[in-house]
Amino acid sequence: AIEITGACENITLEKLCIDGGRVATDPAFHTRSLACGVMVKGAYHPDKDPKGIRIQNIKVLRCIMQNHHGRGAAFYATAGGGLEDCTLMDVSAAAVDVNLFSEKITVRHNHMARCLVGVDLTDTRDCIITANEIRQCGSGFSLRRICNLSTWNEGNQMLDNLIDQTRGN
């Protein structure tokens, strides 16, 4: 629905309702970067630290993202910003995906329901995931490592989150 790429800085998306149009009778398919509510995607290579100008300080505030085949909100190779006070529901992949060289992203006080995963963290650092409610999802968190660079997958904090009625991993 909304894709932010290139050398963007200091953008705030606020009070939007983004409906992907997925209905219960649609066949299930999971995609990483297609059919997302909000996709913030900087330049990256999976085996190299990001170089050059980065996407910075993209904030998604008080939005509703629902009925997506992809992620509700995804941050790839992004520095700063994050997702706060949002509702993400009925998403066939992760509600929130912080991935591939994203750092200092804050995911705070969001409500996630009926998603494959609440929050997916892969190859990130110094991100804060706090005060979120994750209900009726496949799992609350997915933590993965793809790259082998030594400074990634460090310093992330998951604090004071409620995870309820998950189906397990």
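As a basis for the values below, the full set of heavy atoms in this structure was taken, side chains included, without hydrogen atoms, waters or symmetry mates. Keep in mind that this is a model prediction, so the values were computed, not measured.
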Query raised in the report: Hey, does V91 have a side-chain heavy atom less than 4.5 Å from the side chain of M112?
Result: no
Report task. Could you please spell out the steps behind the salt bridge (charged side-chain N to carboxylate O under 4.0 Å, His left out) verdict for E154 and R125? Result -> CA-CA 5 Å; E154 296 179 358; R125 68 176 164 215; over 6 Å; no
Requested in this report: Tell me whether L162 is reachable from L83 by hopping between hydrophobic residues (I, L, V, M, F, W, Y) whose side-chain heavy atoms are closer than 4.5 Å.
Outcome: no
Requested in this report: May I ask you to say whether D126 pairs ionically with K104, meaning some side-chain N is under 4.0 Å from a carboxylate O?
Outcome: no
Query raised in the report: Can you check whether A131's main-chain N or O pairs, donor with acceptor, with D160's side chain at less than 3.5 Å?
Result: no
Query raised in the report: Where is the tightest heavy-atom contact between A1 and I18, given as atom of each residue plus distance?
Result: CB-CG2, 3.3 Å
Query - E9 side chain to N57 side chain, donor-acceptor N/O pair below 3.5 angstrom - result: no
Query - Single-linkage hydrophobic cluster M89~M39, side-chain heavy atoms < 4.5 angstrom - result: no
Query raised in the report: Short question: side chain of N156, backbone of C127 - any donor-acceptor pair under 3.5 Å?
Result: yes
Query raised in the report: Honestly curious: do V60 and I4 fall in one hydrophobic cluster under the side-chain, below-4.5 Å linking rule?
Result: yes
Report task. Kindly check if the number of other-residue, nucleotide or ligand heavy atoms within 6.0 Å of NE2 (H109) is above 12? Result -> no
Requested in this report: Would you indicate whether R108, at its atom CZ, is surrounded by more than 12 heavy atoms from other residues, nucleotides or ligands within a distance under 6.0 Å?
Outcome: no
Query raised in the report: Honestly curious: do L143 and V96 fall in one hydrophobic cluster under the side-chain, below-4.5 Å linking rule?
Result: yes
Query raised in the report: Heavy atoms, side chains only, cut-off 4.5 Å: are D85 and L61 in contact?
Result: no
Query - Geometric class of the F101/W152 ring pair [parallel <30°, tilted 30-60°, perpendicular >60°] - result: perpendicular
